[in-house]
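Below you'll find the structure, written out as structure tokens, and then a few comments.
Chain identifiers are assigned alphabetically (A, B, ...) following the order of the sequence lines, protein sequences preceding nucleic acid strands; residue numbering begins at 1 within each chain.
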Number of protein chains: 2
Amino acid sequence: MSGMADHSAPDLATALRTRGLRMTAQREQVLDAVRRLGHATPEQISDAVTGVDVTTVYRNLELLEELGLVRHTHLGHGAPAYRPADDDHVHLVCHACGNVIDAPPDLVDALAGRLADDRGFVLDRSHFTVFGRCRDCVAAEQTADSGR
Amino acid sequence: MSGMADHSAPDLATALRTRGLRMTAQREQVLDAVRRLGHATPEQISDAVTGVDVTTVYRNLELLEELGLVRHTHLGHGAPAYRPADDDHVHLVCHACGNVIDAPPDLVDALAGRLADDRGFVLDRSHFTVFGRCRDCVAAEQTADSGR
DNA sequence: CTAACTGCAAAAATTTTGCATGCAC
DNA sequence: GTGCATGCAAAATTTTTGCAGTTAG
């Protein structure tokens, strides 16, 4: 069957070849895992792939980011979250329940415009994360408060 | 002289006493360091204080945050940046030069309003950081590009 | 006095580095 | 065959945990 070929890694092979680098099963697996998980820490990605050393996961995440195929954000704590580069949205992280909510990228357009106009600062959407409390957790807190 | 008393730690003593905790020189030093540095990682704070063990720095940063005297943000990488709770502004981090620019908190008001209206999500300003490129670095990049 | 706090040592967790073998091209 | 990549071991970080001595209240 030749039909099942490169379905999950469209331009990986090309990107690698352009730089004289090699296509390996590990690289394909890491990229697949990032795409499948949406956003994940190196450790989570390492758990999601089989037979790939953690070291290789780190090295390939770095490489894939250089190739422009994945991006990373900080969703809290220490571990960076890697995500597919073409997955264009921003993140809302709830401090209370820990949930990560995806939001449309145009949410930051106004802010980006203001920063650009006022300060010449070019906002990086792909790295954009907002912390706060989600509706459910706010509601839960208010219920608790009123009970005091 | 009694006039030089608690000039740098206004409500630390009170906050501690309320909880039955103790005022120590180390706690005062850690809080002072956070206020003096503006925003700093545990390691930087540890370097800034004298005769305080790193372990104690970590423990006290956690405590001071519980007491509401300091806050932390993520300015990139892994290490959290601790800052005075009353120092109310948001951060712009340049990926190119690494500079951290302080910006007025009202910068996020529009975004906060929209998130609240649309999703009931309450944004935490004190934890707010924007990544991108500062004016100087954008200019430098464009000069480089045009030279190609 | 009493128990909270600290410092030191050690453990845990996370990321990086070196090097010999393996494999893509 | 050539040299880029991987895996494994070891080192370097960064943060946490345990415990006995110290000290604020």
Side-chain angles (χ1 to χ4, degrees), chain A residues 5-6 9 11-34 37 39-67 69-70 72-82, chain B residues 5-6 9 11-34 37 39-67 69-70 72-82:
Chain A
D6 47 331
D11 42 6
L12 173 58
T14 314
L16 288 171
R17 206 161 314 149
T18 304
R19 295 217 187 183
L21 301 177
R22 293 171 185 175
M23 174 62 132
T24 67
Q26 288 89 334
R27 283 174 180 168
E28 217 167 349
Q29 277 197 67
V30 170
L31 180 53
D32 277 354
V34 172
L37 297 173
H39 48 77
T41 63
E43 204 184 354
Q44 293 173 315
I45 293 165
S46 188
D47 288 344
V49 296
T50 46
V52 182
D53 196 81
V54 203
T55 307
T56 302
V57 170
Y58 277 100
R59 285 192 281 227
N60 282 337
L61 284 173
E62 194 182 344
L63 173 66
L64 291 171
E65 188 154 35
E66 275 172 32
L67 295 178
L69 297 176
V70 310
H72 81 268
T73 321
H74 300 287
L75 262 32
H77 311 99
Y82 285 86
Chain B
D6 46 331
D11 41 7
L12 173 57
T14 315
L16 288 171
R17 206 160 315 150
T18 304
R19 295 215 187 184
L21 302 176
R22 293 173 185 175
M23 173 62 132
T24 67
Q26 289 90 333
R27 284 177 179 165
E28 217 168 350
Q29 277 197 68
V30 170
L31 180 54
D32 276 354
V34 171
L37 297 174
H39 48 75
T41 63
E43 205 185 352
Q44 293 173 317
I45 293 165
S46 187
D47 289 346
V49 296
T50 47
V52 182
D53 195 81
V54 203
T55 307
T56 301
V57 171
Y58 277 99
R59 287 191 281 226
N60 283 336
L61 284 174
E62 194 181 343
L63 172 66
L64 291 172
E65 189 154 35
E66 275 172 33
L67 295 179
L69 297 175
V70 309
H72 80 268
T73 322
H74 300 287
L75 262 32
H77 311 98
Y82 285 85

Which nucleotide in the set C:dT14, D:dA5, C:dA4 lies at the smallest distance from any side-chain heavy atom of A:Leu21? D:dA5

Short side-chain N/O contact to D:dG7 OP1/OP2 from A:Gln26, under 4.0 Å: yes

Residue pair B:Pro42 / B:Leu61, side-chain heavy-atom distance below 4.5 Å: yes

Does any part of the side chain of B:Leu16, heavy atoms only, come nearer than 4.5 Å to the side chain of B:Leu63, both counted from C-beta? yes

Mind checking if B:Val52 touches a base, just sugar-phosphate, or nothing, with heavy atoms under 4.0 Å? sugar-phosphate

Would you mind classifying the nucleic acid contact of A:Arg27 as base, sugar-phosphate or nothing, using non-hydrogen atoms under 4.0 angstrom? sugar-phosphate

Of all the nucleotides listed (D:dG18, D:dC8, D:dT6), which has the minimum atom distance to the side chain of A:Thr24? D:dT6

Could you give the CG-to-P distance, from B:Asp53 to D:dC19, as a whole number of Å? 18 Å

Start at the 5' end of DNA chain D and walk down; is the nucleotide closest to B:Thr55 or to B:Arg17 reached first? B:Thr55

Hey, does the side chain of A:Glu65 reach the backbone of A:His72 with a donor-acceptor pair shorter than 3.5 angstrom? yes

Check the distance between D:dT15's P and B:Glu65's CD and give it to me in whole angstrom. 14 Å

Give the rounded distance in Å between these two atoms: NE2 of B:His74 and P of D:dT15. 11 Å

Counting side-chain heavy atoms from C-beta on, which of C:dC5, C:dT15, D:dT17 comes nearest to A:Pro80? C:dT15

Distance, rounded to the nearest Å, where B:Leu67 contributes CG and C:dA4 contributes C1': 14 Å

Validation row: B:Asn60, B:Val52 side chains within 4.5 angstrom (heavy atoms): no

Take atom CD of B:Glu28 and atom C1' of C:dT6, then tell me their distance rounded to the nearest Å. 16 Å

Selection from C:dA4, C:dG7, C:dT17 that lies nearest to any side-chain heavy atom of B:Arg22: C:dA4

Take the protein atom CD of A:Glu62 and the nucleotide atom C1' of D:dA5, then report the distance between them rounded to whole Å. 14 Å

Whole angstrom is fine here: how far is it from CG in B:Asn60 over to C1' in C:dA4? 12 Å

When you get a sec, tell me which of D:dG7, D:dT15, C:dG7 is the closest nucleotide to the side chain of B:Arg59? C:dG7

Nearest-Å distance, OH (B:Tyr58) to C1' (C:dA13)? 12 Å

Taking the side chain as everything from C-beta on, heavy atoms only, tell me whether A:Leu67 gets closer than 4.5 Å to A:Arg19. yes

